[in-house]
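Here the structure is laid out as structure tokens; the discussion comes afterwards.
Letters go in sequence order (proteins before strands), and every chain restarts at 1.
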2 protein chains.
Amino acid sequence: MAAVSRAFSPGAPIEAEKKKRILAAAEEIGYISPARRTANAIAAGTITLVSGDLLNPFYPSVVDALARRLQDSGRQLIVYALPAHADVDLATEQILSSRPSAIIVTSAQLTSRMARACRQHHIKVVLLNRVQRDIRINAVACDNYQGGRDAGRVLLERGHRGIGLIGGVANTSTHVERVRGFRDVLAEAGTSIQAQASGDFDYQRGYQAAESLISTANRPEAIFCCNDIMALALMDAARKRGIRVPDDLAVVGFDDISMASWDAYRLTTIRQPVERMVQEALTLIDDPAIKPGDDGITRMLAGTLVRRDSA
Amino acid sequence: MAAVSRAFSPGAPIEAEKKKRILAAAEEIGYISPARRTANAIAAGTITLVSGDLLNPFYPSVVDALARRLQDSGRQLIVYALPAHADVDLATEQILSSRPSAIIVTSAQLTSRMARACRQHHIKVVLLNRVQRDIRINAVACDNYQGGRDAGRVLLERGHRGIGLIGGVANTSTHVERVRGFRDVLAEAGTSIQAQASGDFDYQRGYQAAESLISTANRPEAIFCCNDIMALALMDAARKRGIRVPDDLAVVGFDDISMASWDAYRLTTIRQPVERMVQEALTLIDDPAIKPGDDGITRMLAGTLVRRDSA
DNA sequence: CAACCCCACTGAAAGTTTTTCACTAGATCA
DNA sequence: TGATCTAGTGAAAAACTTTCAGTGGGGTTG
């Protein structure tokens with residue numbers, strides 16, 4: 001049928017109504033036009049990474065690890081950079097238009113609309129370094145709760161009282177879980193968070209949050225920062241005021257970005273196993289037993305406490 | 001002819017020799033199979049970035065800027081991560097197999113073999129932050145020579161004698177030009193580089209190079225580092241030895257990565273105009289007057305001296 | 001107001017490309 | 001050594017796209 005061919009050729013002259021009916025019928029019987037077939041074949045070797053925050057050094061390390069692994073298996077990595085704090089909806093159309101075999105979302109909020117669209121198109125989705133309870137979706141993350149506990153334990157061990165917290169973006173699992181673990185371990189020791197500020201997971205805001213915490217009369221003796229960038233900002237803010245780390249102020253971060261090991265900081269932090277997280281994400285994607293429509297599987301990997309000099 | 005169809009279908013059973021003859025004949029008469037036509041159409045909206053050093057924070061800022069711009073024009077960014085110091089040849093096959101409309105190479109050595117292959121396939125290539133004299137190819141770069149001069153001028157202005165240099169990877173234009181500009185401006189002032197070490201453009205090696213320079217009896221009063229990461233390493237090494245910056249040692253870097261502005265460093269550096277470099281690269285790619293086979297056009301953009309506290 | 005033209009859309013038919021099928025020749029293995 | 005397998009083949013069938021010659025509004029002109 002000529003009309004069918006026309007329905008599948010973008011720009012061909014065909015009545016919108018008829019085209020819609022043809023497309024619907026095609027969907028029904030599972031017909032795929034040859035053009036789409038080749039497009040699918042190409043896209044099969046392609047994985048899209050959607051990242052919201054490439055300027056935080058943690059995420060480039062993810063991009064790097066992912067790109068290398070995909071290259072090893074002859075596949076390609078498409079990178080989408082979202083504006084900070086944006087959810088994925090904005091780019092849904094564009095991301096789906098390339099019909100990748102899978103999408104990895106990191107540092108960004110997935111929406112149920114997008115999740116539905118991906119299921120419909122049989123595209124696997126894996127959240128990396130995020131877990132979302134509102135949507136049933138595959139996810140790989142570091143055990144943020146345990147990491148938060150470890151951070152708390154380090155600070156308690158050293159006998160600190162007056163413990164503060166610099167949080168990240170409130171509605172992210174990375175923030176929520178880390179804080180929950182931290183708070184729980186303090187509670188078990190009969191204490192609690194004395195002062196708290198939000199640093200939005202970035203340096204500038206982290207710096208502001210740090211200042212607000214350490215400029216008060218009874219400033220905390222120890223502060224847990226929900227990621228390393230904010231911890232480094234805190235250390236910078238402390239240095240500026242002549243507050244010595246760790247003597248006057250103990251600092252623990254989370255991620256173990258490369259700067260954390262630099263001499264200027266020597267930050268004690270929880271290392272996320274980036275390589276293994278990427279590997280797990282690809283395992284979820286490559287496992288044929290896991291279907292795009294399946295319920296969410298969450299793979300939790302343990303972080304490692306890295307003791308340096310800041311706590 | 002069935003054989004023709006098979007010649008164009010990857011994986012179809014056909015003798016290699018026959019396939020080659022068919023493809024050659026097709027090339028001759030300008031025949032393109034429908035499958036390849038759709039493949040080309042898809043690839044037209046795609047640009048491949050080949051990067052050698054995503055772990056240096058300068059390059060993620062390039063990825064970010066590039067991804068955003070491409071998204072705005074409805075295109076996609078494929079990222080290839082090369083092992084450090086590798087040339088592009090390793091990945092040539094894989095990179096070309098996706099037939100992107102253009103390739104942007106940053107922080108990696110292009111080979112003439114790859115350049116030839118791209119020309120053959122009508123794929124535009126732009127070098128970003130690199131210039132190669134051995135190959136006629138389009139390039140966009142910051143004016144590294146002028147940047148080197150600016151760095152030298154800053155150190156001379158402050159009356160420093162005993163000026164040192166920490167270089168990057170020796171055979172890169174970024175290293176060569178920056179050093180040349182730096183050396184020239186010193187020579188014009190009747191002085192020269194007193195001590196020099198190579199830091200390979202990365203933190204660890206930069207740290208080692210820094211130690212070798214500042215642990216000598218008559219250590220330099222001022223050091224120019226060919227990129228920011230090495231400058232930060234130098235500052236860390238200096239701090240460890242109790243050498244105060246800028247009082248005992250002035251430091252100038254190059255790039256203006258985000259950490260350079262952090263309170264721990266406040267590094268004086270030459271800012272590369274990343275956004276404009278990316279924009280220029282895309283202009284070169286999108287300008288239909290510039291053909292893939294053309295001689296290399298080099299667009300040089302001025303860097304900006306950013307004076308902070310380190311010099 | 002009717003004749004005319006233009007245009008988007010169409011099915012039939014022609015053209016093109018892919019897939020299937022039946023077969024062959026060489027490689028592999030018990 | 002014979003059975004079996006595999007990669008490769010042309011012919012034919014099937015699938016798909018493009019061309020072509022309408023067709024029937026909707027507007028425009030005489």
Side-chain angles (χ1 to χ4, degrees), chain A residues 1-47 72-76 78 93-102 117-118 120-123 286 288 291-292, chain B residues 1-46 74-76 78 92-101 117 120-123 288 292:
Chain A
M1 196 84 147
V4 174
S5 174
R6 282 191 262 257
F8 280 100
S9 316
I14 187 170
E15 205 184 4
E17 156 65 17
K18 176 172 293 186
K19 179 170 176 173
K20 213 165 69 188
R21 277 194 300 132
I22 290 174
L23 258 34
E27 172 79 14
E28 180 114 7
I29 61 171
Y31 172 81
I32 300 169
S33 77
R36 173 132 309 164
R37 219 162 7 236
T38 38
N40 285 354
I42 291 169
T46 261
I47 286 183
D72 288 348
S73 57
R75 286 180 285 186
Q76 303 190 309
I78 291 177
E93 279 295 304
Q94 217 180 352
I95 292 166
L96 290 180
S97 72
S98 71
R99 314 233 164 205
S101 64
C118 289
Q120 216 167 46
H121 293 298
H122 307 285
I123 297 171
D286 292 336
K291 295 278 186 303
Chain B
M1 197 87 148
V4 173
S5 174
R6 282 190 264 256
F8 280 100
S9 317
I14 187 172
E15 205 186 3
E17 157 65 15
K18 177 173 292 188
K19 180 170 174 173
K20 213 165 68 185
R21 276 194 302 132
I22 291 175
L23 258 34
E27 172 80 15
E28 180 116 7
I29 61 172
Y31 172 81
I32 300 169
S33 76
R36 170 127 312 159
R37 230 180 335 257
T38 38
N40 285 353
I42 292 168
T46 260
R75 286 180 285 186
Q76 303 189 309
I78 292 178
T92 302
E93 278 295 304
Q94 216 180 349
I95 292 167
L96 290 180
S97 73
S98 69
R99 311 227 166 209
S101 64
Q120 215 166 46
H121 292 298
H122 306 285
I123 297 171

Assess the residue pair A:Asp286 and A:Arg75 against the criterion (side-chain contact (heavy atoms from CB on, under 4.5 Å)); give the C-alpha distance rounded to whole Å, side-chain angles, the decisive distance to 0.1 Å, and a yes or no. CA-CA 12 Å; A:Asp286 292 336; A:Arg75 286 180 285 186; 2.8 Å; yes
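- The residue B:Arg36 sits apart from the nucleic acid: no heavy atom pair falls under 4.0 Å.
- The local environment of CD in A:Glu93 is sparse, with at most 12 non-hydrogen atoms from other residues, nucleotides or ligands closer than 6.0 Å.
- Along DNA chain D, the nucleotide nearest B:Arg37 and the nucleotide nearest B:Ala12 are compared for position; the residue whose nucleotide lies closer to the 5' end is B:Ala12.
- When distances run from any side-chain atom of B:Glu15 to the nucleotides C:dT17, D:dT9, C:dG11, the shortest one goes to D:dT9.
- The CD1-P distance, from B:Ile22 to C:dT18, rounds to 12 Å in whole Å.
- Contact annotation: the side chain of B:Ser101 never approaches that of B:Thr46 to less than 4.5 Å [non-hydrogen atoms, C-beta and beyond].
- Set against D:dC16, D:dT19, C:dT18, the side chain of A:Arg6 has D:dT19 as its closest nucleotide.
- Taking atom CD1 of residue B:Ile32 and atom P of nucleotide D:dT18, one finds them 13 Å apart after rounding to whole Å.
- A:Arg36 places a side-chain heavy atom less than 4.5 Å from the side chain of A:Asn40.
- Taking the side chain of B:Ile14 as heavy atoms from C-beta on, and the options D:dT9, C:dT10, D:dG10, the nearest nucleotide is D:dT9.
- A straight line from CZ of A:Phe8 to C1' of D:dA15 spans 13 Å, rounded to a whole angstrom.
- Residue B:Lys19 has no polar side-chain atom (N or O) positioned under 4.0 Å from OP1 or OP2 of D:dT9.
- Among the nucleotides D:dG10, C:dT17, C:dT10, the one closest to the side chain of B:Ala3 is D:dG10.
- The shortest distance between the side-chain N/O atoms of A:Lys18 and the OP1/OP2 oxygens of C:dC9 is not below 4.0 Å.
- OP1 or OP2 of C:dT17 has at least one side-chain nitrogen or oxygen of B:Tyr31 nearer than 4.0 Å.
- The side chain of A:Ser5 has D:dT18 as its nearest neighbour among D:dT18, D:dT9, C:dT18.
- Looking at the side chain of A:Ala2, the nearest of the listed nucleotides C:dT10, D:dT18, C:dT18 is D:dT18.
- Proximity of A:Ser9 to A:Arg6: side-chain heavy atoms (C-beta onward) are nowhere separated by under 4.5 Å.
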